Structures are given as C-alpha cells and as structure tokens.
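See below for the structure under consideration.
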Amino acid sequence: MASSFSASWLRGDPRALEFLSDRYCRRAARAEAVATAASRPIAPALHEVLVARNARLAPSPARERNLELLARPGTTAVVTGQQVGLFLGPLFTVYKAASAIAAARALAEETGRPCVPVFWLQTEDHDLPEIDHCFVPRSAGGPLRVALALPDAATSRVPVAHHHLGPSVTGALAALRAELSSNPHVDEHLALLERAYRPEATLADAFAEVLSTLFADEGLVFLDPRDPRLAPLAAPIHRRAIEEAAAISSKLAERGHALAKAGFSEQVHIRPGSPLNFFSPDGAAGARYRLDPASSPGTWNLVGHPEGASVTTAELLSWLDREPLRFTTSALLRPILQDTWLPTAAYVGGPGEIAYFAQLAPLHAHVGLPMPLIVPRARFRIIDDRVRRLLDVLGLSPDDANAPRDELLARLAAREAGESFESPEAIEARLLSTFASELARLGERMAAVDTTFAQAISRTDKTVRRGVSRLVARYSRSITLRDQVTLERVERLRAYLAPEGAPQERIYGLPYYASRLGSHTFMRRVIEACEPFSGNLKDLKP
C-alpha cells in the first residue's frame, strides 16, 4: 500500500524530500525564493485586470495598497487557492487564506521585499457535488448538510464560474438560520452571507465577496482565471500544453514511476500523450472535456463527450486564437499558469496539493519556471466552549476523540466504575481459573475409572468457556452502556472534533463558528494563531 506523500514530507522523510524540497523550513532558502520571484514582475495587462476585478469586492484600503505594490518591480506574492464552495466550503479554506497572509507578512519582514497574499479562485473546475454544500455541527444527529439544488449538478461539465446560485440558495440560508438561531453572532454572520449569496449571483462572486470581507483588513488580493480579459494571457500556456503534450506527459509519467518506486502514488493521474488542459467545444460556458490522443495523428478524442466527438490540433489552435476562454487548466497545469502570471515566492497548500506538487518539478523545468516554496497551510482544531465543557466533564483530551467509540466508552466505564465493578478480563480469568482447576482435579480422579471420561471433560471445558465468554461480553456491554448520558456526551464530542472520523476542518464550514464567536473575531484569532512555516496541528481555543 502506498504511503501518504504529504504526511511523509511533513515529517521530513528523505524519500519524500527527493521529490519536493522543504526549503520553506530554512530562512536562507526562503530569501532565495523571494529574490528569484522578485526578478519576475507582473505583466501590466494582468495587473489591470486584477485591479478591475478586485474593485468589485468589499472595500479595502489594505487590498488597494497591495494591488499598488504588485505593480512595482521587486514585489513578490504568496499564493493559495481553493474551489469556491458554498458558504466558503470547509474550514480549511479560511485557514489557507490566513496562512497565505501570515506567510506573506513573514517573508516581507525577513527579506525587506514587499510580498502580497493572493487567493486564486478555482473557478475552472466543474465538480459541483464537491462544492454545492456546507456542513454544520449539531449536538445530536450528526452534521447538518445544507446544500443547493442545482439542476444536473452530478453530471455537469460546465466550469463553476458559469453557475448561478439559483432560488435554492434562499432555502439553504433559511436552513442555516434555523439551525444557528440560538448563537450570539448569528445575525451578523448571516447578514454577510445573505448580502453575497443571492439567487442571481454566481458561486464564485458570492464566495469572493464573503472571503474578501472577512480579510479586508489584511489586503488579500483575488484572482479569477475565468475572467474573460485574462483568457488571451493564458493562451500561450494552453498552446504549449497542446503542442508539447507528448513530451510533457512522458516526463510526468517518468516522475510518476519514480514516485511509485519510492512507495508513493500519483495524486493526479497522467494520461499518456494527453495535454494538461480541457476544451469546451460548445463555447466558454459549455461543458469541458479532456483530450486524449486519437488513432489518427493530430486528432484528439473529447473524453466523456456523449457523441464521442473529436477535434484536430489545427482546430484547437484556431479556437485558441479566436476564443481562448474555451480552454481551462487541469490541476497540474494551473500552477504553471499561476507561476507564469505572478511573481510567486511561495504557494500555500493542503495535503493533496503538496502531493501533486511532488509531481510538478519536471513540468516547471520543462517550461523554464522556478518552483516556488511549497508551504503547508495551517491546521487547526477548534476547541470552543461546548467542546471544552465536554472534555472537562469526561476527563478527556482532544486527541481522545479520535479513538474508536467503543474503545473510548469502555475506557470511561472502567475508570468511572472504580472498585464497584471488576474489569471484564478479570472476571473471565477468575471464573475460568476456578473452573479449570476443579475440572483438572475431577479428571485426575476419574482417569483410572473411565478412560473415555477425558473426552467428556474436554467437551464440557469448551462449552463452559463459550458460555463464560458470552456472559462476560454481556457484562462488558452492560457496564459500558450503563450510563446513557456518558454515551451521548462521547457522541457529541466525536461529532464536534472528528465528524464521521475525519478532521473537523475538512468537514465543517465557517457559519457555525462565526455565528458563535463573531466573523471578524474568529478570523482575527485564526490569523494570530497562524505559524507561517509550520504544518503542525494546533488547538484553537477562542
């Protein structure tokens, strides 16, 4: 079974470091990366689009200053990004933004060069089922899933940039308000969401409006690659991806084999001979398809097209000249576009992104781009007042919530029982010990009387042992479940800290925590707790 690349990399495994350097850990290496990025100024045409796009967001003098800095030679960027999930998606979205802000500040302080945090809105993707919902913790009954009702969400291939929220967002907001109504800051946070998440708004615009408001004081800059004004600037990257597809895929496949040999798997599957971009044959707002080499040279099959359509290289390049917005990037091509457009000193990523950056060194080398620092995002586990009370009354630590439920219940039951109840193991040992000694004594007495008596003793021994085992199992269940209150508390604790066995930050969204703690108070606490160059899990105790 393949090892987790990101986990191996974070703990400094030499096997992983062969594929992705941990330069972010060393101050001298960070300074070198900043100096390299500072030599690559942003193009004026790109800067003009950034200024216009960010002018539509929440007012922010800090963002305006950062945009001015980006126009100056020598300014660098720390970039992060995420899919535009409903109500900002999982908590790690805001952790990534806060991490980019913290890293940009740290690099600026270390090097004396201006460094701007940039959030890349991942609007080119088409996987609606990954982003059309948000989870809210509940004290009982498991997480509440609040979702949009988007037509054909499961089968849509249209980039999410072109999807409007639609009327179902009103019901999603109402469900949030109903669930969170008892929290002290619910009106503040829901007002923010309701201003942005309107039926006529797109998923991307609503997402950017909320995130830009939360980080207005920090000057977070936003980039949307689906802005039509940026399409001509992306065209050279898409052209190269098409024309050099065979060479690029060969180098990436070689890298994948090396990762497999080292005990890791590819995060992103490489299709032999296929370019790393998607094409939308029916227009920019139409379905997008991967391209696979067809049997005829110079022809590409549109993977998944209902009519099995194909297109020639000449046709693709013609469309690229006339309507470049028909082309979108894959997960491996997006960093190349990012690092071509921006003076990227560092990219802040989660475990999955760290793993696919391990694949990318040959691609960066192929196109002549320096690989930026790869910095792990901050990881937090929120211990709010409800969780603290549960931990205190149960006498547990936050890490205990990751234990299997039955194991945790048995441990609590044994501890609470004290001397009132023996442990199941002790009872079983005592019963069987007494029985075994008496049975052995009887066998010795009967050996000379009845030579077949030993068989009866053996059968009886097995029968009694099975019976004792069943009895002790029932005893264990009885003392484990005797306190229904403890059971319910354990279930609530696990639901808050490890919902469905997953990290809290990967399941729950911001609305619950913002409505309890206040949107800006919570964001400030997250930013303050960010350690710029550490991927360690921290408990956040607002």
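Hydrogens, waters and symmetry mates play no part in the numbers below; they use all other heavy atoms, side chains included. In this text, all values refer to a predicted model and were calculated from it rather than measured experimentally.
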To the nearest 0.5 Å, what is the distance between [atom1] on [X] and [atom2] on [Y]?
| X | Y | atom1 | atom2 | value |
| --- | --- | --- | --- | --- |
| F5 | Q359 | CZ | CD | 9.5 Å |
| R229 | L50 | CZ | CG | 9.5 Å |
| C25 | R30 | SG | CZ | 8.0 Å |
| L291 | I242 | CG | CD1 | 7.0 Å |
| E124 | L337 | CD | CG | 7.0 Å |
| R240 | I336 | CZ | CD1 | 9.5 Å |

**Prompt:** Is the CD atom of E307 crowded by more than 12 outside heavy atoms at less than 6.0 Å?
**Reply:**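 12 or below, so no.
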
**Asked** So does E179 have more than 12 non-hydrogen atoms from other groups sitting under 6.0 Å from CD?
**Response**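 Correct, the count exceeds 12.
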
**Asked** Hey, mind stepping through E500 and R506 against salt bridge (charged side-chain N to carboxylate O under 4.0 Å, His left out) and telling me if it holds?
**Response** CA-CA 11 Å; E500 301 177 0; R506 299 199 66 82; over 6 Å; no

Pair [X] + [Y], salt bridge at N-O below 4.0 Å:
| X | Y | value |
| --- | --- | --- |
| E68 | R63 | no |
| R326 | E323 | yes |
| R56 | D205 | yes |

Heavy atoms, side chains only, cut-off 4.5 Å: are [X] and [Y] in contact?
| X | Y | answer |
| --- | --- | --- |
| F19 | W9 | no |
| F264 | R15 | yes |
| W300 | T313 | yes |
| L252 | I248 | yes |
| F87 | L173 | yes |
| R381 | P503 | no |
| T75 | C115 | no |
| Y356 | R334 | yes |

**Request:** Indicate yes or no for a side-chain donor-acceptor contact from T344 to the backbone of P372 under 3.5 Å, with no hydrogens or angles considered.
**Result:**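 No.
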
**Item:** Under 3.5 Å: donor-acceptor pair, side chain of T111, backbone of L107
**Value:**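 Looks like yes, one N/O pair under 3.5 Å.
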
Are [X] and [Y] linked by a side-chain donor-acceptor pair shorter than 3.5 Å?
| X | Y | result |
| --- | --- | --- |
| S310 | N301 | no |
| S274 | D292 | yes |
| S156 | H163 | yes |
| H126 | R288 | yes |
| H164 | T202 | no |

**Asked** Passes ring-ring contact (aromatic ring centres under 6.0 Å, His included), F380 versus Y95? Steps please.
**Response** CA-CA 8 Å; F380 293 115; Y95 299 165; 5.1 Å; yes

**Request:** Evaluate the side-chain contact (heavy atoms from CB on, under 4.5 Å) criterion for residues Y347 and Y24: first the C-alpha distance (whole Å), next the side-chain angles of each, then the deciding distance (0.1 Å), finally the verdict.
**Result:** CA-CA 10 Å; Y347 183 84; Y24 76 95; over 6 Å; no

**Message:** Using side-chain contact (heavy atoms from CB on, under 4.5 Å), reason through I270 and L332 one step at a time and then give a plain yes or no.
**Reply:** CA-CA 10 Å; I270 303 301; L332 293 182; 3.5 Å; yes

**Item:** Matching residue for I131 among L148, L86, V160 - test: side-chain contact (heavy atoms from CB on, under 4.5 Å)
**Value:**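 Exactly one candidate clears the test, V160.
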
